[in-house]
Number of protein chains: 2
Amino acid sequence: MTSTPLTRSEAKDLTRRKLIRAALAILDEEGEAGLSTVKVAKAAGIAQSSFYVHFKDMQELLRVLAEEGGERLRATMREARRKAREHPGDLGLHRETFRIPLESICRHPELLRIQIRARHDPSSSLRDFAVETAAAYREHHAADLAALGYTADDERDRRRLEMIADGINAATNALAMGHLEGRYPDLDEAADILTALSRGALRWLRATSNHEPSDPS
Amino acid sequence: MTSTPLTRSEAKDLTRRKLIRAALAILDEEGEAGLSTVKVAKAAGIAQSSFYVHFKDMQELLRVLAEEGGERLRATMREARRKAREHPGDLGLHRETFRIPLESICRHPELLRIQIRARHDPSSSLRDFAVETAAAYREHHAADLAALGYTADDERDRRRLEMIADGINAATNALAMGHLEGRYPDLDEAADILTALSRGALRWLRATSNHEPSDPS
DNA sequence: AATTTCACCGATAGTACTATCGGTGAAATT
DNA sequence: AATTTCACCGATAGTACTATCGGTGAAATT
């Protein structure tokens, strides 16, 4: 009941945050096509025209959204990496490597949903961001695998490591989405499967590296 | 130079095909947000208002597009399955199981792109179709794995098989997209990796089935 | 206390699109 | 040959949205 007296800039910043929150919610619920200055402003409780006090246009708001989302994703990757470094060589850790991204996705599923959508939508303003994020994620994961002892010396092995990382990443996203949709209740089970998938790939990598050109049997 | 005299219904059908083709191209290049009766009609070479001679509205055109795309996808699945049945127990075939979808994706990449986009876009008219297609693909693949001898008897194993199929499917899509983007030049290599991934998962499945509750080491 | 700043407002011009309607001429039918 | 059908056309009313502009009052500054 105590009225909180805000300075003008504090109030402005609050409104800005409201706009960003509103945009994120609409983006998640209705997609980029559902975004409009009308809807975002109304959801934030201000007039449509006041939207432009805070952002030059919708494009700029989306850019800000992408930057903030990217920061959150990078922080997650850093955390996962740090944990992996704390216990090098730990086998149970291999599994942990997969639990962390799964959990982080489930904590903020809207970020992944938006990213996946933008990644494949040529009309999306967030497309470049999404493509870069996906590439960063892929390389991060490839580095993780390399850290587990599967260093790639030549071009071919490096590419293979990247392909494996790409595949595992995609599988991670798919299982996380399935979990959110209620199909896969147990995240640990998902982590186990990802571990098993990556073990299979790495076993193959070891078997074919500097040996036969290509024989997965 | 010989003018082909078309009956009225032939001409109408031709225009209809042109509209569908134009819509598919625009959908792939600009996304669903870029679709409009103006653009589609113009690209097909008719007046915007004539669009409505062929379709009730854009929604209906999208439905038709989804149905045709779905038919093509189902045909691919049937073909893959048929081939797998021809050589049961063939180990090299396990690899073939992955090459066929990869090739089919690369033959019509726009179908997958559109599907992935729609799958995660709440505003998409094609969403239901995309979700159903993804589910069908997942179950198809789970059945494929079961056919390889990893029959799932209880609820847990069935779910695990579905999770593995889901993961492998996602990886398949990711590698196909990477191939199309020029990152992975060799489709065979991609098929090898998918084979290796699935071997790892199935090995784990065999190791934990009806034994320990969950231990991936 | 007087003045300035500025976050927000309502109104509105401009843009892009949808979907309908009456008209037209060639194909199809009689 | 006369009549009907219909794929397509241009015009247009209606809808949703963007982005600007002048105005307002409370906060901030003088």
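Just so it is clear: chains get the letters A, B, ... in the order the sequence lines come, proteins before strands, and each one is counted from 1.
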Please name all residues satisfying salt bridge (charged side-chain N to carboxylate O under 4.0 Å, His left out) with [X], sequence neighbours left out, ordered by chain then number.
X	value
A/Arg113	A/Asp28
A/Arg78	A/Glu71
B/Glu30	B/Lys39

Integer-rounded Å distance: [N] [atom2] and [X] [atom1]:
X	N	atom1	atom2	value
B/Asp13	D/dC6	CG	C1'	15 Å
A/Gln59	D/dC17	CD	C1'	16 Å
B/Leu19	D/dA7	CG	P	13 Å
A/Lys42	D/dA16	NZ	C1'	13 Å
A/Phe55	C/dC8	CZ	C1'	15 Å
A/Lys12	D/dA28	NZ	P	13 Å
A/Lys39	D/dC17	NZ	C1'	11 Å
B/Glu60	C/dT18	CD	P	15 Å

Partners meeting side-chain hydrogen bond (donor to acceptor under 3.5 Å, both in side chains) with [X] (sequence neighbours left out):
X	answer
B/Asp166	A/Arg183, A/Tyr184
A/Ser124	A/Glu32
B/Glu68	B/Arg17
A/Ser49	none

Check your understanding: Under 4.0 Å between a side-chain N/O of A/Thr7 and OP1 or OP2 of D/dA27, yes or no?
Key ->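 Indeed not, no polar side-chain atom of A/Thr7 lies that close.
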
Revision key, fill the gap. Pairs under 3.5 Å (Watson-Crick or G-U), crossing ones as [ ], inter-strand ones as |: DNA chain C comes out as ||||||||||||||||||||||||||||||

Review point. Sequence neighbours excluded, which residues qualify as ring pair (Phe, Tyr, Trp, His ring centres under 6.0 Å) partners of A/His120?
Key: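 Scan of A/His120 (ring pair (Phe, Tyr, Trp, His ring centres under 6.0 Å), adjacent residues dropped) gives none.
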
Point to revise | Partners meeting ring pair (Phe, Tyr, Trp, His ring centres under 6.0 Å) with B/Phe55 (sequence neighbours left out) | key: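 Scan of B/Phe55 (ring pair (Phe, Tyr, Trp, His ring centres under 6.0 Å), adjacent residues dropped) gives B/Phe51.
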
Point to revise | Residues touching DNA chain D, which here means a heavy atom under 4.0 Å, drawn from residues 27-36 of chain A | key: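 A/Ser36, in order of number.
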
Report each atom pair, protein N/O against N/O of nucleotides 19-26 of chain C, whose distance is under 3.5 angstrom.
| residue | atom | partner | partner atom | Å |
| --- | --- | --- | --- | --- |
| C/dA19 | OP2 | B/Tyr52 | OH | 2.9 |
| C/dA19 | N7 | B/Gln48 | NE2 | 3.1 |
| C/dA19 | N6 | B/Gln48 | OE1 | 2.9 |

Point to revise | Candidates D/dA28, C/dC9, C/dT18 - which lies nearest the side chain of A/Ala47 | key: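 Nucleotide nearest to A/Ala47's side chain: C/dC9.
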
Check your understanding: Can you tell which of A/Ile105, A/Leu197, A/Ile193, A/Leu112 makes a side-chain contact (heavy atoms from CB on, under 4.5 Å) with A/Thr172?
Key ->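 Between A/Thr172 and the candidates, side-chain contact (heavy atoms from CB on, under 4.5 Å) is satisfied uniquely by A/Ile105.
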
Review point. How about A/Arg16 and A/Leu61: do any of their side-chain heavy atoms sit closer than 4.5 Å?
Key: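 When only atoms from C-beta onward are counted, A/Leu61 and A/Arg16 do not touch, as no gap falls below 4.5 Å.
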
